[in-house]
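Below: the structure, in structure tokens.
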Number of protein chains: 2
Amino acid sequence: MSCAYEAFTADCPSRRLLEAIGNKWVSLSIVALGVHGPLRYGELAAQIEGVSQKMLTQSLRRMERDGLVTRTVTPSVPVRTDYELTPLGRSLLPLLHELKDWAQEHMPAVDAARAEYDAAAPSR
Amino acid sequence: MSCAYEAFTADCPSRRLLEAIGNKWVSLSIVALGVHGPLRYGELAAQIEGVSQKMLTQSLRRMERDGLVTRTVTPSVPVRTDYELTPLGRSLLPLLHELKDWAQEHMPAVDAARAEYDAAAPSR
DNA sequence: CTGGATCCAGCCGGATACTG
DNA sequence: CAGTATCCGGCTGGATCCAG
């Protein structure tokens, strides 16, 4: 690639972005929206087990700011808010799926490595 | 995939792993080791600008525990320590490269989205 | 040279209460 | 329903000093 080394400099754009999408809730939100299409706030919260509403809102705001999702508020009573991936956000889907697939495929190996490592010197 | 929804449960293995490799220093270390081959501790530290030795050591220990890298200590004076990717760690390279490429390709779009978002309501 | 140990500021993130 | 606001404990991560 044109700048293979640039991610290793402190202020490289790709590094900032890596931090942005490296976030756990961000990636899970993108995958959830990719799988299920547009989702309401509450539906997203239900999909992503264990997320607090603070973290979910915070993540969604950041994703909206970064142009990864759109936020559509319907001023009914009660209010309805839908989140949907932008084309930019959708372009991340294949990568995240690969990452997720890798995790699910190789987790046993990692668990084995951990067990062996911990068994070798429990004190560590 | 066989269990598309499992990463959304709180204690799913893939979620733990996502946290492990989602770490900034971990992914940068893997890419660095993938590009340059085995590296000494100091060489790694020099490659990854901005990392503290505490964080680098911590990341390397975690990666070693997870079976992603091997740590080889040569008891000379001074001590020499080499880190190298395991096959498991190497299998992550394509994914991380894609992620890095995506970041470098789409960063302008993200920056534009941010600028627009911030311009719309500076108070946010 | 490669780290371990410690101190400490700052942010992350959960719980709770309140609002339109 | 979909947030915002606030409090606060705990962990992250940098700086520094020390050791094999």
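Letters go in sequence order (proteins before strands), and every chain restarts at 1.
- B/Tyr83 has a side-chain polar atom (N or O) that falls below the 4.0 Å cut-off from OP1 or OP2 of C/dG3.
- In this structure, CG of B/Leu56 is placed 13 Å from C1' of C/dC1, rounded to the nearest angstrom.
- Salt bridge absent: A/Asp82 and A/Arg71 never bring a charged side-chain N and a carboxylate O closer than 4.0 Å.
- What separates CG of A/Asn23 from C1' of C/dC11 is a distance of 13 Å, to the nearest Å.
- A/Thr57 and A/Tyr41 form a side-chain donor-acceptor contact under 3.5 Å, judged by distance and modelled atom types alone.
- Closest to the side chain of B/Met55, out of D/dG14, C/dG3, D/dG3, is D/dG14.
- Note: CD (A/Gln58) to C1' (D/dT6) measures 14 Å, nearest angstrom.
- Spacing between atom CZ of B/Arg61 and atom P of D/dT12 amounts to 17 Å, rounded to whole angstrom units.
- In this structure, the CH2 atom of A/Trp25 is 11 Å from the C1' atom of C/dG14, given to the nearest Å.
- Close to D/dA2, at under 4.0 Å from its OP1 or OP2, lies a side-chain N or O of A/Arg40.
- The distance from atom CZ of A/Arg80 to atom P of D/dC1 is 12 Å, rounded to the nearest whole Å.
- In this structure, CZ of B/Arg71 is placed 8 Å from C1' of C/dT2, rounded to the nearest angstrom.
- Both A/Lys24 and A/Pro78 lie close to DNA chain C; mapped to their nearest nucleotides by heavy-atom distance, the more 5′-ward contact belongs to A/Lys24.
- The salt bridge (charged side-chain N to carboxylate O under 4.0 Å, His left out) analysis of residues 22-41 of chain A, with sequence neighbours excluded, yields the pairs A/Lys24-B/Glu19.
- Annotation: side chain of B/Ile30 is in contact with side chain of B/Met63 (closest heavy-atom distance under 4.5 Å).
- Regarding contacts with the backbone of C/dG3, a side-chain N or O of B/Thr81 is found under 4.0 angstrom from either OP1 or OP2.
- Within the 4.5 Å cutoff, side-chain heavy atoms of A/Tyr117 are placed close to those of B/Arg61.
- Recorded end-axis angle for the helix from C/dC1-D/dG20 to C/dG20-D/dC1 stands at 50°, based on five pairs per end and rounded to 10 degrees.
- On a pure distance criterion of 3.5 Å, no polar donor-acceptor pair joins the side chain of B/Gln53 and the base of D/dG14.
- Atoms NZ (B/Lys54) and P (C/dG4) sit 12 Å apart, rounded to a whole Å.
- Residues B/Thr72 and B/Thr81 fail the side-chain proximity criterion, which asks for heavy atoms closer than 4.5 Å.
- Residues satisfying the ring pair (Phe, Tyr, Trp, His ring centres under 6.0 Å) test with A/Trp25, not counting sequence neighbours, are none.
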